**Student:** 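Quick one: the structure is below, and I'll ask about it shortly.
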Amino acid sequence: MEKSLTRYIWSNTYSQQIWILLVVAASMIPYFLAFDLPKQIVNGPIQGQGFEDVAATKPFMDIAFDLPLVGHLQLFDGVELDRVETLMALSGVFLALVVLNGLFKFYINTFKGQLGERMLRRIRFELVDRILRFPPIYFKRVKSAEISSMIKDEVEPLGGFTGDAFVQPALLGGQALTALCFIIVQNFWLGMIAAGIVCVQAIIIPRMRKRLLELGRQRQLTARQLSGRVGEIVDGIHTIHGHDTSNLERADIAARLALIFTIRYDLYQWKFLVKFINNFLAQLTPFLFYAIGGYLALQGRLDIGQLVAVISAYKDLPGPLKELIDWDQARQDVQVKYAQVVEQFDVDGLVAPQVQDVVATAILPLSHPLVVSNLTLADDSGARLLNHVSLEIEPDETVALVGPNGGGAEALAEALGRIVWPMSGRITIDGKDMLELPESVTGRRISFVSSDVYFFHGTLRDNLLYGLKHAPLTEVEYGGAKARGYKRGLMESQRSGNPVLDLNSDWIDYSAAGASGPDDLLKVIRPVLNAVLILQDIFDLALRSQVDVASHQALTDRIVEVRSALRRRLEDEDLQDVVVPFQPSEYNRHATVGENLLFGTLKPLVTRRMLATHPHFRAVMAESGLSDELYQVGLAIAENAVELFRDLPPDHPFFNQLTFMTPDDLPTYEALLQKLQGTTVDEASSEDRSSIIRLSFSYIEPRHRFGLMTEELMAKIVAARQQFYNDIPQDLADNIERHDPQKFSDSASLMDNVLFGRLAYQEADTSDRIRQIIRDIFVELDLEDNVLSIGLDFDVGAQGRRLTNVQRQKLNLARALLKRSDYFIFNRPLSALDQRVQNGIVSHILNDLHEDGKRPSIIWVLPNTDCAELFDRIVVLEGGNLVETGSFEELKHQNGMFKQLLS
């Protein structure tokens with residue numbers, strides 16, 4: 001990277017800098033005229049110079065020059081104006097100059113801002129680009145939070161400084177010099193006083209600010225280290241809780257914050273000391289002007305207009321001068337920051353840019369063997385991982401790498417996957433070093449999978465298809481305002497040095513996955529998901545998900561058909577009592593009291609608390625008498641819960657049945673019961689009453705079995721439900737989706753939509769059976785792909801943490817298999833699964849997944865030898881050395897390491 005920030009800025013923006021410098025030079029003309037005009041106004045029409053006669057006039061705006069050899073040149077005679085007219089005309093010109101100077105400033109500042117944002121965009125992209133080209137070993141030594149903090153926060157001032165790098169000294173220096181020259185023209189000695197003070201400021205203030213720069217550098221470093229430490233706490237939160245070290249982390253953060261506080265406090269003290277001295281020097285000059293200039297005016301050696309003009313001009317001198325000194329501090333400050341960025345990102349061994357060039361065309365299959373020649377690997381501490389290993393793997397060969405932990409099998413797999421770079425030796429294909437091959441070849445025709453899984457925040461579909469998104473493959477048609485916005489964005493990308501790649505294009509390489517387009521992509525995905533045994537999990541995720549109706553109209557339109565098919569299937573299997581359907585005129589005993597009262601689902605904009613405080617809801621509760629009855633039910637629930645669960649530990653499994661309160665709530669309700677003892681519902685406060693009634697809303701008689709739901713109370717709830725909807729206000733009606741047997745409910749999960757009711761609690765172990773029946777129905781109705789698509793819309797969360805570790809490893813394997821590469825390197829990718837399931841998945845992938853004649857090469861690091869016989873060849877490594885190689889039959893009869901592993 002360029003070491004000098006000034007050279008970096010100039011080399012990337014020199015044409016724009018030249019243009020804005022010309023604009024700055026042009027702006028100095030009206031700036032100077034604005035200084036001279038007050039003197040003309042005061043001496044001319046106000047004091048009467050040239051207007052000694054009452055009827056005297058003077059030419060206004062006359063343009064004439066005295067030129068050598070030519071003599072007097074009159075270009076315009078001007079307009080004759082009297083004293084008042086001249087005053088008004090000069091005042092108008094002054095206003096015009098103010099507007100013109102303001103427009104110049106507006107244009108210059110806007111242009112600077114645009115220039116700075118482009119440079120900020122350029123440098124941030126360049127830094128991210130370098131991260132993408134860092135050698136793998138570098139990522140073991142840096143903290144991701146520190147790197148992201150530098151790109152997000154620490155380079156921010158660099159963008160702001162870009163617009164000021166050349167324009168600011170030219171503009172401010174020009175303004176200060178113009179004001180100073182004008183003062184000298186009016187009176188030499190006053191000008192010398194101003195110049196002397198300026199020199200003192202220019203010498204003393206920058207020297208004092210060196211301490212500020214050092215403190216600023218320390219502040220930046222400590223803040224970055226704090227960011228990295230917080231990132232470590234977030235990533236290692238389970239380790240912290242597991243070892244009871246949360247207070248150690250608090251102490252560490254407190255110590256870091258104390259250091260930052262000390263640095264910042266010192267910075268503030270020194271900063272305001274510098275400001276005090278600077279302000280004092282700036283105010284010293286007006287004192288001298290008033291004293292000396294006033295004295296000269298009294299002596300008649302300086303007229304009043306000149307003194308006013310000098311003082312007016314000096315008012316515009318400290319500002320630019322102060323900003324110029326600030327600019328110099330900012331220049332040094334950002335140079336320090338830039339030097340730190342260069343130090344962090346100027347890494348040896350960067351991947352060449354051409355290795356990551358965009359390639360939108362298909363990549364031909366690799367038909368040559370993978371050759372490992374005299375390969376030696378070492379970790380970043382220098383410890384040997386492999387010693388002079390040589391190996392050749394054919395394009396359609398399956399190879400099992402086995403050996404004791406740390407024997408070298410994992411290291412060899414990482415080298416084949418370009419995760420570790422060789423210390424000596426090399427890995428080649430068709431005589432070409434794999435490290436020099438474009439990523440468009442290695443990233444598509446070679447796949448590496450380990451147990452270390454990372455998913456990006458997004459949907460399961462986005463992460464599953466991530467390995468197919470190599471280049472924009474379609475051209476998006478934009479129209480109207482979108483077209484203009486796209487063209488403008490395209491131009492800005494080019495001006496900022498960013499690549500012109502349309503993110504809105506379709507990036508998925510369907511042909512690489514064996515599909516012709518988006519319509520048949522699911523047919524390609526399903527066998528892969530089946531092979532890794534994840535399809536049932538995705539189906540369950542779909543059942544628990546809310547469905548975007550606009551994206552899955554085909555399924556939602558047929559929900560009534562699915563419900564009918566479920567009812568028929570339950571009757572055929574004598575399971576009709578397992579699901580209790582919602583009936584508009586009946587109470588569903590297996591739903592909560594709140595669900596029965598509402599008979600629908602609330603939309604996200606309305607919460608239960610908001611509903612409970614709505615005037616219409618409260619009126620219905622009061623008129624129906626349910627407030628009193630549900631208050632009594634809530635009291636009974638609280639009494640039963642406190643009595644039954646008071647003496648149990650908080651982690652007791654019985655609390656799983658306690659849906660209306662948590663273990664932490666028990667002491668609160670125990671105290672509340674004592675407080676309300678002997679009081680009526682009317683005597684209780686509104687807050688206490690709400691806390692008690694809230695318990696009844698989550699009550700389900702067959703589940704909790706306190707015997708509180710009488711037939712009379714259930715009938716009253718159904719009647720109140722009808723009353724609630726009779727005259728419901730529009731604001732409530734718009735935010736409640738009522739149960740309708742003929743419609744799909746947007747607010748409910750897919751499972752709830754299919755059931756349109758609740759599972760009976762007295763039926764044990766029926767949930768899995770019902771899920772299987774529902775899946776069979778979707779298959780029968782040819783809706784299986786629709787359900788799979790809903791499951792693929794599941795948001796996996798940050799780093800895929802909403803999925804289990806087993807699910808993440810399965811999906812990671814599926815993501816690689818979907819690419820249909822020529823070489824697959826699997827480095828113990830399923831370590832979270834038990835051995836029996838691992839063996840099943842290995843068998844599926846080796847035998848069932850690939851088409852005849854298109855068998856890829858598979859190199860698999862196995863945890864043991866259980867399924868080694870499925871592979872064409874077995875390679876045994878121990879102590880970083882290749883000790884045996886051959887088929888299963890050959891090695892099991894030899895008295896070597898493999899035979900020991902078998903036993």
Side-chain angles (χ1 to χ4, degrees), residues 577-583 586-599 608-609 611-612 617 620-622 624-721 724 755 757-767:
D577 295 334
V578 170
V579 179
V580 182
F582 292 123
Q583 299 290 344
E586 295 182 11
Y587 186 95
N588 191 316
R589 296 173 181 269
H590 296 274
T592 66
V593 171
E595 288 175 317
N596 274 285
L597 186 59
L598 196 60
F599 198 71
R608 289 187 177 185
R609 185 177 295 274
L611 176 66
F617 182 81
V620 170
M621 292 288 288
S624 63
L626 278 178
S627 291
D628 296 344
E629 295 208 34
L630 292 182
Y631 178 79
Q632 297 301 325
V633 170
L635 282 176
I637 292 172
E639 290 171 356
N640 281 283
V642 169
E643 182 180 351
L644 292 173
F645 299 99
R646 174 170 46 197
D647 298 326
L648 295 180
D651 57 349
H652 198 283
F654 283 179
F655 280 109
N656 294 334
Q657 300 299 318
L658 197 64
T659 57
F660 37 75
M661 68 172 69
T662 66
D664 294 335
D665 292 332
L666 280 174
T668 303
Y669 277 100
E670 186 174 8
L672 190 58
L673 286 173
Q674 293 177 357
K675 177 182 176 182
L676 297 175
Q677 189 173 11
T679 61
T680 64
V681 61
D682 295 328
E683 294 172 343
S685 67
S686 60
E687 183 179 352
D688 293 342
R689 193 162 51 244
S690 297
S691 297
I692 294 297
I693 293 177
R694 183 180 63 82
L695 296 179
S696 64
F697 283 173
S698 300
Y699 182 75
I700 303 172
E701 183 63 59
R703 179 174 185 174
H704 303 119
R705 301 183 181 183
F706 291 163
L708 302 176
M709 298 305 297
T710 63
E711 294 293 336
E712 182 183 356
L713 179 56
M714 289 189 287
K716 188 175 288 189
I717 290 173
V718 173
R721 173 202 304 168
F724 176 74
L755 292 177
R758 290 288 177 261
L759 292 174
Y761 282 99
Q762 64 265 29
E763 300 292 338
D765 302 327
T766 56
S767 180

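These numbers were taken from a predicted model, which means no experiment stands behind them. Any value given below was found using the heavy atoms of this structure, including those in side chains, with hydrogens, waters and symmetry copies removed.
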**Student:** Below 4.5 Å, heavy atoms only, C-beta onward: do Leu626 and Lys716 meet side chain to side chain?
**Tutor:**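 Leu626 vs Lys716: side chains touch.
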**Student:** Please check: side-chain N/O of Tyr699 versus main-chain N/O of Phe706, any donor-acceptor pairing under 3.5 Å?
**Tutor:**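 Here the side-chain-to-backbone pair exists.
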**Student:** For residues Thr592 and Ser698, report the shortest heavy-atom separation together with the two atoms involved.
**Tutor:**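 Closest approach of Thr592 to Ser698, heavy atoms only: CG2-O, 4.0 Å.
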**Student:** Please report the closest heavy-atom contact between Ser691 and Tyr669, naming both atoms and the distance.
**Tutor:**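 In this case the closest contact between Ser691 and Tyr669 is O-OH, 2.9 Å.
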**Student:** So, are Glu687 and Arg694 salt-bridged, with charged N and O less than 4.0 Å apart?
**Tutor:**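 Result for this pair is no, no salt bridge flagged.
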**Student:** Can you check whether Met714's main-chain N or O pairs, donor with acceptor, with Asn596's side chain at less than 3.5 Å?
**Tutor:**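 No, because the side chain of Asn596 does not come within donor-acceptor range (under 3.5 Å) of the backbone of Met714.
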**Student:** Does Phe599 reach the side chain of Val718, with side-chain heavy atoms less than 4.5 Å apart?
**Tutor:**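 When only atoms from C-beta onward are counted, Val718 and Phe599 do not touch, as no gap falls below 4.5 Å.
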**Student:** Determine yes or no for a side-chain-to-main-chain donor-acceptor pair under 3.5 angstrom, with Arg758 supplying the side chain and His590 the backbone.
**Tutor:** no
**Student:** For Ile692 versus Tyr631, what's the shortest heavy-atom pair and its separation?
**Tutor:** CG2-O, 3.3 Å
**Student:** Can you tell me how far apart CG (Leu630) and CD1 (Ile717) are? Round to the nearest 0.5 Å.
**Tutor:**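 Going from CG on Leu630 over to CD1 on Ile717, the span is 5.5 Å.
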**Student:** With no hydrogens and no angle check, is any side-chain donor or acceptor of Tyr587 less than 3.5 Å from a backbone partner on Glu711?
**Tutor:**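 No: the side chain of Tyr587 does not pair with the backbone of Glu711.
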**Student:** What distance separates Met709 CE from Ser696 OG, expressed to the nearest 0.5 Å?
**Tutor:**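 Reported to 0.5 Å precision, the distance equals 8.5 Å.
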**Student:** Could you report the tightest heavy-atom contact between Ala622 and Ser627, atom names first, then the distance?
**Tutor:**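 It is N-OG, 3.9 Å.
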**Student:** As an exercise, state the distance from CE of Met621 to CD of Glu629, rounded to the nearest 0.5 Å.
**Tutor:** 10.0 Å
**Student:** Asp688 versus Lys675: any side-chain heavy-atom pair under 4.5 Å?
**Tutor:**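 Side chain of Asp688 against side chain of Lys675, heavy atoms only: contact under 4.5 Å found.
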**Student:** Once side-chain contact (heavy atoms from CB on, under 4.5 Å) is applied, do any residues pair with Gln632, and if so which ones, sequence neighbours excluded?
**Tutor:**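 side-chain contact (heavy atoms from CB on, under 4.5 Å) list for Gln632, sorted by chain: Leu635.
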**Student:** Hey, could you give me the CD1/CG distance between Ile693 and Asp628, rounded to the nearest 0.5 Å?
**Tutor:** 8.0 Å
**Student:** Quick one: closest heavy-atom pair of Gly634 and Leu695, and the distance?
**Tutor:** O-CD1, 3.7 Å
**Student:** Given 3.5 Å as the limit, does a donor-acceptor pair link the side chain of Glu701 with the main chain of Leu708, or not?
**Tutor:** yes
**Student:** Between Phe617 and Leu597, is there a side-chain heavy-atom distance shorter than 4.5 Å?
**Tutor:** yes
**Student:** Go through the steps for Arg589 and Val580 under the test side-chain contact (heavy atoms from CB on, under 4.5 Å), then give the verdict.
**Tutor:** CA-CA 8 Å; Arg589 296 173 181 269; Val580 182; over 6 Å; no
